[in-house]
Amino acid sequence: MTVTIYHNPKCSKSRQTLALLQGKGITPTVVAYLKDAPTAEVLSDILDMLGREPRQLMRRAEPEYAENNLADENLSRGQLIQAMVNFPRLIERPIVVCGGKAAIGRPPEDVLKIL
């Protein structure tokens, strides 16, 4: 079973989720998404797995959200996904992917349902 976590080590929920996985004996592939941003294709796949639209995966309080006018309802799904690629800080975290399913670790226990 391959488990991937899109991780920000400065985020307490991300650290808790990683520790939870490790506590279950899982050694996930850790993607430091702030340094190694996922591609638009990967983000689109994650959104599909989550059953969410791009804004539902965005951290709207981040300055990049306002600075890039991402609340504009005329922006397409592709434009919003590209904004997350360009500004990965906008991506909600942590995201865990396993077996074609994804979950956001808020709270961390939510990721257990996809394992």
Side-chain angles (χ1 to χ4, degrees):
M1 166 173 69
T2 300
V3 177
T4 301
I5 181 171
Y6 291 85
H7 178 60
N8 176 352
K10 293 182 180 179
C11 171
S12 64
K13 294 292 183 207
S14 200
R15 290 192 310 269
Q16 290 168 11
T17 301
L18 180 58
L20 176 67
L21 293 171
Q22 292 168 334
K24 297 281 184 187
I26 297 167
T27 304
T29 299
V30 177
V31 177
Y33 71 92
L34 292 177
K35 294 178 185 171
D36 186 18
T39 65
E41 183 179 355
V42 167
L43 276 174
S44 182
D45 289 347
I46 288 171
L47 286 164
D48 290 345
M49 286 184 253
L50 289 169
R52 294 185 179 202
E53 290 304 315
R55 279 192 190 89
Q56 294 173 304
L57 190 61
M58 287 182 159
R59 299 173 56 82
R60 297 178 200 178
E62 295 294 344
E64 292 89 345
Y65 190 83
E67 290 167 2
N68 292 281
N69 197 28
L70 297 176
D72 181 348
E73 291 298 324
N74 294 313
L75 293 173
S76 69
R77 174 183 167 97
Q79 288 171 308
L80 293 169
I81 289 171
Q82 189 59 49
M84 287 188 278
V85 172
N86 295 346
F87 307 103
R89 212 164 64 146
L90 290 170
I91 302 169
E92 186 60 80
R93 63 198 178 242
I95 302 168
V96 174
V97 177
C98 177
K101 298 177 184 174
I104 297 174
R106 292 188 169 270
E109 295 77 21
D110 280 0
V111 304
L112 298 177
K113 65 186 174 195
I114 66 164
L115 301 178

*Specify the closest pair of heavy atoms between Y65 and M58, including all atoms of both residues, with the distance to one decimal.*
CE1-SD, 3.6 Å
*asked:* Starting from V85, can I reach L47 by hopping between I/L/V/M/F/W/Y residues whose side chains sit under 4.5 Å apart?
replied: yes
*Interatomic spacing from OG in S76 to CD in Q82 - rounded to 0.5 Å*: 10.0 Å
_Short side-chain to backbone donor-acceptor contact, R89 and R59, under 3.5 Å_ = no
_Gap between atom CG of L57 and atom CD1 of I95 - 0.5 Å precision_ = 4.5 Å
*Any chain of hydrophobic side-chain contacts (each under 4.5 Å) joining M84 to M49?*
yes
_side-chain hydrogen bond (donor to acceptor under 3.5 Å, both in side chains) for T17 and R93? Distances and angles first, verdict last._
CA-CA 10 Å; T17 301; R93 63 198 178 242; over 6 Å; no
*Pairwise side-chain contact, L34 with K10, heavy-atom cut-off 4.5 Å (strictly under)*: no
_Rounded at 0.5 Å granularity, tell me how far CD1 in I81 sits from CG in L75._
12.0 Å
*Can you tell me how far the CG atom of L115 sits from the CD1 atom of I26, to the nearest 0.5 Å?*
4.5 Å
*Residue among V3, I5, T2 satisfying side chain to side chain contact (heavy atoms under 4.5 Å, CB included) with C98*: V3
*How about E73 and R55: do any of their side-chain heavy atoms sit closer than 4.5 Å?*
yes
*Taking all atoms of both residues into account, what is the closest heavy-atom pair of P54 and R77, and its distance?*
CG-CG, 3.7 Å
*asked:* When you group the ILVMFWY residues by side-chain heavy-atom contacts below 4.5 Å and let the links chain together, are I104 and L90 in the same group?
replied: yes
*If we only count heavy atoms from C-beta on, is the Q16 to P107 side-chain gap below 4.5 Å?*
no
*asked:* So which atom in G51 and which in Q56 form the shortest heavy-atom distance, rounded to 0.1 Å?
replied: O-OE1, 4.5 Å
*Tell me whether L50 is reachable from I114 by hopping between hydrophobic residues (I, L, V, M, F, W, Y) whose side-chain heavy atoms are closer than 4.5 Å.*
no
*Distance in Å, I91 CD1 paired with L43 CG, rounded so as to fall on 0.5 Å steps*: 4.5 Å
*Min side-chain heavy-atom separation Y33-V42 under 4.5 Å*: no
*Are V97 and L20 linked, directly or through other ILVMFWY residues, by side chains that come within less than 4.5 angstrom of each other?*
no
*Measure from the side-chain N and O atoms of N68 to the backbone N and O of L70, and report whether any donor-acceptor pair falls under 3.5 Å.*
no
*Mind checking whether K24 and L112 have side chains closer than 4.5 Å, heavy atoms only?*
yes
*Any chance you could measure E67, atom CD, to F87, atom CZ, to the nearest 0.5 Å?*
8.0 Å
*Report yes if some heavy atom in the side chain of R15 is under 4.5 Å from a heavy atom in the side chain of S12; otherwise report no.*
yes
